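Report on the structure given below.
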Amino acid sequence: MEVSIADIHGDLKAGKYTIVELTQFYLDRIDSLDKSGPALNSVLTVNPDALEIAKELDGEMENGKWRGPLHGIPVLLKDNIDTGDKMPTTAGARLMANSIAAEDSPLAAQLREAGAVILGKANLSEWANFHSSQSSSGWSGLGGQTKNPYLLTHNPCGSSAGSGAAVAANLCVVAIGTETNGSIICPSNNNGIVGIKPTVGLISRTGIVPISAYQDTGGPMARSVRDAATVLGFLTATDDRDPRTLEPGRQAFDDYTPYLKAGSLEGKRIGYYSKPLEEDSTALGDVMDEAIQWFKNQGAEVVTIPEILPEGTGDASFMVLLYEFKDGLNRYLAGLGGQAPAKDLAEIIALTLADSVEMEYHDHALLQMAQEKGGLDEPEYQDALAQIMRAARQDGIDRVMDENTLDAIIAPSGSPAWVTSLENGDTFGVFSSSPAAIAGYPSITVPMGQLEGLPVGLSIFGRAWSEAVLIELAYAFEQGTKHRFSPEFRAE
């Protein structure tokens, strides 16, 4: 259940099994746990070429070619990431079921070049959960509801629900998710894994079905900080089609593993973002207190930070998302050319509202709200974008870190998984993803403990391009506490 990239490479080099046999193991596991048995419903599409890819990579090994740390490693992609193969890219929408991209997204291409075996596409909250006023995370019209492998009646969170559940249940070695606000951090929290939401611009967003040009990013999800950091280094190439990857001051590495240091934290100053727990009445605060004490025991100084974002920042961010979703989705559909299943958001709305399966539980009101917005030259959009950039960055995370001379900020990633209800939607409880998400700054979540058998995570976030610092802290906490535990697919 807890096999790592290093474990697999040791076995491959020792001849214990081939990449084809490894890939078949995961395909069989998907069949027995995802399609039957507990029926996690975390995988939308299995790659029909997976075994052929594995065979080619075995041939390279036999001929002395080794592509590096991802050679032969089975990976799942969230199904809003384009692959130029036989698999559709659907964002979970029924109308997108046969939408085939003409080419790989840069993210997928970089994984292939590194030698990864793309096993398939993971289920997700439809349109990355930007579709309905009261949605259930992990539900899509195309794939149905993803289950949490720790307790099948409970929610995996989203929108990278399938990626999180599949990694936790070892249906793949690592997975790729995407985040606008919480969509890597929350499913990693609920599924007891590590998720890295990098600085926007570290990873190209070209070929990813968008919500927000300002906030969207892809990122790795894995069972360990080492595996997540290993994958991250292979995804950081610049892209002329994504200007955020070309920004001045961008700090990207092609290898983050040198920052996997488990030594003393003597002299580190850590901010504790306390607001998420202000109204929480569960024992999550006790788990957080234990984490804070661990940092103190390692020599770090912990400073309480009661607030980060100025009032109104969340509302302004939502306004930006409405405008950018319409603009970005229309651009994405136009890029599909004659293969697009709909010409624009207006047609998507018409097709969705006419589909009884899509409308059984959810109103898809956010699609309609976005359609009512104008273009990105509207003053309402421009003002909201300027507001959130200032509020979350210079008046938010940067201010707090400067005033308190902080190396990073910690907070509970979220509450434990809640009971899934298609009729009533999500009940998130605690969440802390907004400051880093709205700033476009990096965040990592790592297992912090458990409440009644359900995992909860610790988020570590900070300044733009500070992935290396955060990885070092996350690795030290992971290795010092060992909170990750395997799911048992409990029914109750």
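Computed over heavy atoms, backbone and side chain alike; hydrogens, waters and symmetry mates excluded. Since the structure is predicted, the reported quantities are computational estimates derived from the model, not experimental observations.
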Test item: side-chain donor near acceptor, [X] and [Y], under 3.5 Å:
X    : Y    : value
S105 : D82  : no
D227 : S4   : no
D239 : T206 : yes
E126 : S140 : no
S433 : N181 : yes
D79  : T90  : yes
S413 : S459 : yes

Taking [X] for the side chain and [Y] for the main chain, is one N or O donor matched with an acceptor at less than 3.5 Å?
X    : Y    : result
D426 : S137 : yes
S415 : G429 : no
N155 : C157 : yes
N148 : N190 : yes
Q215 : T180 : yes
N189 : G457 : yes
R94  : L351 : no
E324 : A213 : yes
E21  : T18  : yes

So [Y] and [X], do their side chains get closer than 4.5 Å, heavy atoms only?
X    : Y    : answer
L22  : P74  : yes
F477 : H483 : yes
V117 : I73  : no
F130 : L321 : yes
M96  : P88  : no
I208 : L107 : yes
P455 : N191 : no
I308 : Y273 : yes

Any pair counted as salt bridge (charged side-chain N to carboxylate O under 4.0 Å, His left out), so long as it reaches residues 30-54, sequence neighbours left out: D49-K86

Please give me the minimum heavy-atom distance between [X] and [Y], naming the atom from each residue.
X    : Y    : value
V231 : I176 : CG1-CD1, 4.0 Å
I348 : A342 : CG1-CB, 3.7 Å
V3   : R223 : O-NH2, 3.0 Å
V200 : Y214 : CG1-O, 3.7 Å
A411 : F461 : CB-CE2, 4.3 Å
I184 : G218 : CD1-C, 4.1 Å

Is [X] atom [atom1] crowded by more than 12 heavy atoms from other residues, nucleotides or ligands, each under 6.0 Å away?
X    : atom1 : value
F431 : CZ    : no
D28  : CG    : yes
Q339 : CD    : no

Out of curiosity, [X] [atom1] to [Y] [atom2], how far, rounded to the nearest 0.5 Å?
X    : Y    : atom1 : atom2 : result
L119 : M87  : CG    : CE    : 9.0 Å
L27  : R29  : CG    : CZ    : 12.5 Å
L70  : E113 : CG    : CD    : 11.5 Å
I19  : L57  : CD1   : CG    : 5.0 Å
L33  : N41  : CG    : CG    : 13.0 Å
S224 : I5   : OG    : CD1   : 7.0 Å

May I have the step-by-step check of salt bridge (Lys or Arg N to Asp or Glu O under 4.0 Å) for D242 and R205, ending in yes or no? CA-CA 7 Å; D242 184 352; R205 289 88 52 79; 2.6 Å; yes

Could you walk me through whether E467 and T199 pass the side-chain contact (heavy atoms from CB on, under 4.5 Å) check? CA-CA 8 Å; E467 282 81 2; T199 308; 2.7 Å; yes

For a side-chain hydrogen bond (donor to acceptor under 3.5 Å, both in side chains) check, start with the C-alpha distance between S159 and S125, then their side-chain angles and the critical distance, and finish with the verdict. CA-CA 5 Å; S159 60; S125 310; 5.1 Å; no

Does a salt bridge link [X] with [Y], judged by any charged N lying under 4.0 Å from a carboxylate O?
X    : Y    : result
E247 : R250 : no
R331 : D327 : yes
E62  : K55  : no

Does the salt bridge (Lys or Arg N to Asp or Glu O under 4.0 Å) test come out yes or no for K121 and D85, once each step is laid out? CA-CA 12 Å; K121 300 285 193 75; D85 51 21; 5.7 Å; no

Working for salt bridge (Lys or Arg N to Asp or Glu O under 4.0 Å), residues E478 and R484: CA-CA 8 Å; E478 174 194 60; R484 160 75 188 165; over 6 Å; no

Worked check of side-chain contact (heavy atoms from CB on, under 4.5 Å) between Q479 and L260: CA-CA 10 Å; Q479 296 301 302; L260 298 168; over 6 Å; no

May I ask you to check whether [X] and [Y] place their ring centers less than 6.0 Å from one another?
X    : Y    : value
Y150 : F489 : no
Y259 : F253 : yes
H9   : H71  : no
W127 : H364 : no

For a side-chain contact (heavy atoms from CB on, under 4.5 Å) check, start with the C-alpha distance between Y441 and W465, then their side-chain angles and the critical distance, and finish with the verdict. CA-CA 7 Å; Y441 286 3; W465 317 117; over 6 Å; no

Under the criterion side-chain contact (heavy atoms from CB on, under 4.5 Å), I'd like the reasoning laid out for R244 against L202: C-alpha separation, chi angles, the key distance, then a yes or no. CA-CA 8 Å; R244 294 296 291 274; L202 190 72; over 6 Å; no

Applying side-chain hydrogen bond (donor to acceptor under 3.5 Å, both in side chains) between S160 and each of E179, K197, K78, report the one that passes. K78

